[in-house]
Amino acid sequence: MTVSPAPSWDVIVIGSGIGGLVTASQLAAKGAKTLVLERYLIPGGSGGSFRREGYTFDVGASMIFGFGEKGHTNLLTRALADVGEHCDTVPDPAQLEYHLPGGLNVAVDRDYEAFIARLSGLFPHEAQGIRAFYDTCWQVFNCLDAMPLLSLEDPAYLAKVFFKAPLACLGLARWLPFNVGDVARQHIKDEQLLRFIDMECFCWSVMPADLTPMINAGMVFSDRHAGGINYPKGGVGVIAEKLVSGLESHGGEIRYKARVTEVLLENGQAVGVKLASGEEIRARRVVSNATRWDTFGKLVDAEHTPKAETTWRRRYKPSPSFLSLHLGVDAGVIPEGCHCHHLLLEDWGAMEDEQGVIFVSIPTLLDPSLAPEGRHIVHTFTPSDINAWKDLSPAAYKAKKTADAARLVQRLEAILPGLSAGIRHQEIGTPRTHRRFLGRMGGTYGPIPAMRLPGLLPMPFNRTGLPNLYCVGDSCFPGQGLNAVAFSGFACAHRIGADLGLNPWQLPD
């Protein structure tokens, strides 16, 4: 066993998800000696990509926010630029197309007015309420977009940003306690339209409107029209690869196949980590990009887990994982004029059920280089809980994978006729697959409220109850999604930068 006698690093980041990589690259750019430890062979976690037989598949979703060119909410653009990197992207003309019960089909146009007109045409009696609700989302977005999004745990930052944009700060504070459902019902009465707004939230938060914070919705419902949905050429994994390149160019390092098993504690504070190999590495600060459940329960034992984590676990529960299919299909399967992203639900009552909602991405419509000539990628996934897959024998597990995948493909025939006959390559992932490769408890994709909560106010920030230990990613404010975890990464790096005396006095432009 190798033991470092003194801190070898300023900061160790456990995990190379996008939140962890933004934290690490931002700190390296500030001059901190930064090390990222990744248990797998490639960076990115659920924001990574993998290659099979000429296909480049995205691990998770390919509906990407944060690549706009203006304002402050384009966090992926800014994170890359801060370390001298850039992603070429392809603009998507629509966020996604909904295929909902009762023949309700809605494509969310990149142009805001076109979307409002389309939705108002379907619900003409609610035209005024539709405009009022989505315009309110713009109010939230404009507040966010007016200020550099850094750590709300830093009083100096809060004072500077309030001085720079006082009205935006006050406007944002107004919406912090509210959820989307509260606001939607102020303007809209039609039950089917309210269900549609539930689905508008569920497609990225895996929660209905009553449990989705208004701040998050303001970002998503408006940024899809402001910065737009933009797909990185080469696949979503390019984002992580570029962040790693930026980290290394600023003196940081990343180690793969380096599984952290323990956060080292001395005198009640974090002093480093221990790897599965037995190696111990010391640092002045430690950041966990693991889920909060994996951080406190695996990396930190129960004896040293702060009481605040018990409160958090009472308020939040793990979201389900997914059954996911990565398909290589004949190009003729995809209809002419098809959108890249789709959401399918046959029964409103099944929205939160096991394998209820189906998400579909066809990224080769935006970047044909991801598949061999004459082929497309269809990545489809549906929420699935680990409890439906555990304690199965190898034979039963294999049989369930095959049967559930076949049923998912059959349901997709409703929007992609002939899909089953056109499949030329198939990869099936279950919650057990996600747990194994992503190192996330139950394969979860983040926390969701276990009860109705006041907006984002109960969401924890980056500091924890253990000195020198921080958390980053979807278990922290503001929650799930690549742009959200990038926000978390900016905030975490800023808070650590303040603690280590590395932050510039002036706010970013």
Side-chain angles (χ1 to χ4, degrees), residues 15-22 25 38 40-68 74-77 79-81 83 85-96 204 227-248 254 256 322 324-329 331 334 338-342 359-381 423-429 433-434 437-438 445 480-483 485-486 489:
S16 68
I18 297 300
L21 288 177
V22 170
S25 56
E38 169 55 48
Y40 194 46
L41 306 172
I42 56 174
S46 57
S49 298
F50 65 95
R51 294 171 176 84
R52 296 284 190 278
E53 298 184 11
Y55 298 93
T56 299
F57 293 115
D58 297 328
V59 174
S62 55
M63 189 171 68
I64 307 301
F65 297 82
F67 273 125
N74 53 349
L75 295 173
L76 295 176
T77 299
L80 291 164
V83 288
E85 298 290 337
H86 170 78
C87 269
D88 291 328
T89 60
V90 184
D92 195 336
Q95 180 199 12
L96 81 166
W204 49 270
I229 305 299
N230 301 282
Y231 188 79
K233 287 185 179 179
V236 173
V238 169
I239 304 170
E241 292 168 5
K242 296 269 189 179
L243 286 170
V244 167
S245 178
L247 167 73
E248 293 176 334
I254 184 168
Y256 299 103
F322 292 98
S324 60
L325 302 185
H326 292 88
L327 306 175
V329 304
I334 309 303
C338 185
H339 290 298
C340 177
H341 298 103
H342 300 261
F359 304 87
V360 182
S361 295
I362 313 172
T364 39
L365 289 170
L366 301 176
D367 184 357
S369 72
L370 301 174
E373 189 174 353
R375 301 283 171 82
H376 273 297
I377 286 170
V378 175
H379 177 200
T380 182
F381 47 105
I423 296 172
R424 298 294 172 259
H425 182 90
Q426 177 174 270
E427 305 270 346
I428 307 173
T433 314
H434 292 262
F437 287 101
L438 301 180
Y445 269 61
Q480 296 186 42
L482 284 196
N483 213 26
V485 298

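- A pairwise comparison of heavy atoms in Ile254 and Ser16 identifies CD1-CB, 4.0 Å as the closest pair.
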Practice item. Step by step, work out the side chain to side chain contact (heavy atoms under 4.5 Å, CB included) result for Leu75 and Val22. Key: CA-CA 10 Å; Leu75 295 173; Val22 170; over 6 Å; no
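- Shortest non-hydrogen contact noted between Ser46 and Leu438 is N-CD2, 3.7 Å.
- Qualifying side-chain hydrogen bond (donor to acceptor under 3.5 Å, both in side chains) partners for Thr380, counting only residues two or more places apart in sequence or in other chains: none.
- Considering every non-hydrogen atom in both Thr89 and Pro91, the closest pair reads O-CD, 4.0 Å.
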**Study point:** Candidate pair Tyr55 and His425, rule side chain to side chain contact (heavy atoms under 4.5 Å, CB included), full reasoning
**Key:** CA-CA 9 Å; Tyr55 298 93; His425 182 90; 3.8 Å; yes
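- For Phe67, the ring pair (Phe, Tyr, Trp, His ring centres under 6.0 Å) criterion is met by no residue, not counting sequence neighbours.
- Judged purely by atom type and a 3.5 angstrom limit, Asp92 uses its side chain to pair as donor or acceptor with the backbone of Ala94.
- His342 is linked by a ring pair (Phe, Tyr, Trp, His ring centres under 6.0 Å) to His99, counting only residues two or more places apart in sequence or in another chain.
- Not one N or O on the side chain of Thr364 forms a donor-acceptor pair closer than 3.5 Å with the backbone of Leu370.
- Side-chain contact of Tyr231 with Asp88: a donor-acceptor pair under 3.5 Å is absent, judged by distance alone.
- Scored by the side-chain hydrogen bond (donor to acceptor under 3.5 Å, both in side chains) test, Arg51 finds no partners at all (sequence neighbours excluded).
- Separation of the His379 and Phe359 ring centroids does not fall under the 6.0 Å cut-off.
- Between Ile64 and Pro232 the shortest heavy-atom distance is CG1-CD, 4.2 Å.
- Here the two rings, on Tyr40 and Tyr256, have centers that are 6.0 Å apart or farther.
- Across Ser49 and Thr56, no two heavy atoms sit closer than the pair CB-CG2, 4.1 Å.
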Check your understanding: Stepwise, does the side chain to side chain contact (heavy atoms under 4.5 Å, CB included) test hold for Glu427 with Leu325?
Key -> CA-CA 6 Å; Glu427 305 270 346; Leu325 302 185; over 6 Å; no
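- Annotation: ring pair (Phe, Tyr, Trp, His ring centres under 6.0 Å) contacts of Phe50 (sequence neighbours excluded): Phe57, His326.
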Please list every donor-acceptor pair under 3.5 Å in which a side-chain atom of residues 233-246 meets a protein atom from a residue at least two apart or in another chain.
unit_1: Lys242; atom_1: NZ; unit_2: His86; atom_2: O; d: 3.1
unit_1: Ser245; atom_1: OG; unit_2: Glu85; atom_2: OE2; d: 3.0

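- Of all non-hydrogen atoms in Ser361 and His341, the two that sit nearest each other are OG-CD2, 3.1 Å.
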